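Note that the structure is predicted; figures quoted are calculated from it, not measured. Heavy-atom basis, side chains included; hydrogens, waters and symmetry copies ignored.
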Amino acid sequence: SQNPRTYGRTELAVCYFPRLQPMSAWLKLKSLLSENPDLAPLSQLKRRSFLPAEVAKIYESLGHP
């Protein structure tokens, strides 16, 4: 599979939940992240993007969108 890249958080959320509006998709992804002890810190980030290493961690736990 291709190497993870930097994603905007709503951009990545829409990959997982393409039928939802971007904000709803982000809230749903944020909720999934917060329920996972390994990913919970990512749901609290102040910046609006995920770095490649963080995307890789999300893929590892949630699978690829």
(request) Would you check, one step at a time, whether the test side chain to side chain contact (heavy atoms under 4.5 Å, CB included) holds for Y7 with L51? (result) CA-CA 7 Å; Y7 274 91; L51 302 175; over 6 Å; no
(request) Following the transitive rule for hydrophobic clusters with a side-chain heavy-atom cut-off under 4.5 Å over Ile, Leu, Val, Met, Phe, Trp and Tyr, establish whether Y16 and V14 coincide in one cluster. (result) no
(request) Working to the nearest 0.5 Å, report the span between NZ of K57 and CG of L62. (result) 12.0 Å
(message) Test: side chain to side chain donor-acceptor pair (under 3.5 Å). Region: residues 41-54. Which pairs qualify, not counting sequence neighbours?
(response) R47-E54
(message) For residues 19-32, which residue pairs pass the side chain to side chain donor-acceptor pair (under 3.5 Å) check, not counting sequence neighbours?
(response) S31-E35
(message) When you compare the side chain of T10 with that of L29, does any pair of heavy atoms fall below 4.5 Å?
(response) no
(message) Could you tell me if the side chain of V55 sits less than 4.5 Å from the side chain of T6, heavy atoms only?
(response) no
(message) I need the minimum non-hydrogen distance between P41 and P37, along with the two atoms involved.
(response) CD-O, 3.8 Å
(message) If I compare all heavy atoms of F50 with all of L42, which pair ends up nearest, and what's the gap?
(response) CE2-O, 3.7 Å
(request) Report the relative orientation of the aromatic rings in Y59 and H64; use parallel for angles under 30°, tilted for 30 to 60°, perpendicular for over 60°. (result) tilted
(message) Quick check: do L27 and L20 have side-chain heavy atoms less than 4.5 Å from each other?
(response) no
(message) Quick check: closest heavy atoms across P4 and A56, and the distance to 0.1 Å?
(response) CG-CB, 3.7 Å
